[in-house]
Amino acid sequence: IRVLHRESFRDDPTRIFRAVRYAARLGFELDPQTDELAREALKDGLVAHLSGSRLRSEVLAVLGEPVAADAVARMGALGACRAVWPGLDCGAGAQALLGRVEPLRQRYSPRTPAWRTALVVLARRLPDADLPVLAHRLLLRRRDAATVRAAVATPFPGEDASPAAVA
């Protein structure tokens, strides 16, 4: 994945999330110069200038991908998770957990949006006080914010958990 010009991420920082999403979906890598430009834009705090609705749209699109774990790995490597919210976990543990949680969501709660369970995984280590602020930053609907907050507070079921424990 390569940007068309050097100012692309400065002109629109949402392109960082789109690049990550398409790279994960298609199995591509970011061009080295594109990677460097994305890191510079993130380091310069350009994501903070995005409106909540634009940021929400891009983050939820990434987290809703069938390859969300790969996209999260790429976001973590770039520093995009920290740009969304300090403390979001995009590390290897979160990626592995996404791989475990997604089949459970599909099996036991297929009407729950994939992005919601993925956001719970990334936010699971945030302090309670950060959750409403993150929800406000992403302009989550009240119901979604409450669901994420409640789910973060609930321990994740083990791999051999019964359907009742998962529910």
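Source: prediction; values computed, not measured. Heads up: numbering here begins at 1 and tracks the sequence.
L98 and V67 fall into different hydrophobic clusters, where Ile, Leu, Val, Met, Phe, Trp and Tyr side chains are chained together by heavy-atom contacts under 4.5 Å. Residues L139 and L63 do not share a hydrophobic cluster, clusters being chains of Ile/Leu/Val/Met/Phe/Trp/Tyr side chains in contact below 4.5 Å.
Using a 4.5 Å heavy-atom threshold, the side chains of R116 and D144 count as touching. Side chains of L37 and Q33 form a contact here, defined as non-hydrogen atoms less than 4.5 Å apart. Side-chain atoms of P132 and R149, non-hydrogen and from C-beta on, do get closer than 4.5 Å to each other. Contact check for E29 versus R74: side-chain heavy atoms found under the 4.5 Å cut-off. Side-chain contact check for C81 versus D89: every heavy-atom pair is 4.5 Å or farther apart. Looking only at side-chain heavy atoms (C-beta outward), L122 and W85 stay at 4.5 Å or farther from each other. Using a 4.5 Å heavy-atom cutoff, the side chains of H5 and D11 are in contact.
Within 6.0 Å of CZ on R82 lie no more than 12 heavy atoms contributed by other residues, nucleotides or ligands. Atom CZ of R18 sits in a crowded spot, with more than 12 heavy atoms from other residues, nucleotides or ligands closer than 6.0 Å. No more than 12 heavy atoms of other residues, nucleotides or ligands shown are found within 6.0 angstrom of CG on L4.
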Margin query: Applying side-chain contact (heavy atoms from CB on, under 4.5 Å) to L104 and R100, what does each step give before you reach the verdict?
Written below: CA-CA 7 Å; L104 293 173; R100 286 182 43 218; 5.6 Å; no

Next item on the list: Please lay out, stage by stage, how R54 and D12 fare under the test salt bridge (Lys or Arg N to Asp or Glu O under 4.0 Å).
Entry: CA-CA 10 Å; R54 291 189 72 214; D12 183 3; 2.7 Å; yes

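Contact check on R39 versus D35 returns a salt bridge, with a Lys/Arg side-chain nitrogen under 4.0 Å from an Asp/Glu carboxylate oxygen. A salt bridge does not link K43 with E40: none of the charged nitrogens is closer than 4.0 Å to a carboxylate oxygen. A salt bridge links R10 with D44: the distance from a Lys NZ or Arg NE/NH1/NH2 to an Asp or Glu carboxylate oxygen falls below 4.0 Å. Comment: R15 does not engage E58 in a salt bridge, judged by the lack of any side-chain N to carboxylate O separation of less than 4.0 angstrom.
For the residue pair L30 and A19, the shortest heavy atom distance occurs at CD2-CB, 3.8 Å. Annotation for L134 and A123: closest pair CD2-CB, 4.3 Å, computed over non-hydrogen atoms. Contact detail for A41 and F9: the closest heavy-atom pair is CB-CB, 3.8 Å. A pairwise comparison of heavy atoms in F17 and A80 identifies CE2-CB, 4.0 Å as the closest pair. What you find for R2 and T34 is that their closest heavy atoms are CA-OG1, 3.2 Å. Nearest heavy atom pair, residue Q106 against residue P110, reads O-CB, 3.5 Å.
No donor-acceptor pair under 3.5 Å is formed between the side chain of S8 and the backbone N or O of V3. Side chain of T147 to main chain of R143: a donor-acceptor pair is present (N/O by atom type, distance under 3.5 Å, no hydrogens or angles). Under the 3.5 Å distance criterion, the side-chain polar atoms of Q95 are matched with a main-chain donor or acceptor of G91.
Distance check: E65 CD to R25 CZ gives 4.0 Å after rounding to the nearest 0.5 Å. Between atom CZ of residue R21 and atom CD1 of residue I16 there is a gap of 13.5 Å, rounded to the nearest 0.5 Å. Rounded to the nearest 0.5 angstrom, F28 CZ and I1 CD1 are separated by 6.0 Å.
A side chain to side chain contact (heavy atoms under 4.5 Å, CB included) with P13 is found for exactly one of L42, L46, L55, namely L46. Checked options L97, V72, L88; the residue passing with V121 is L97 (criterion: side chain to side chain contact (heavy atoms under 4.5 Å, CB included)).
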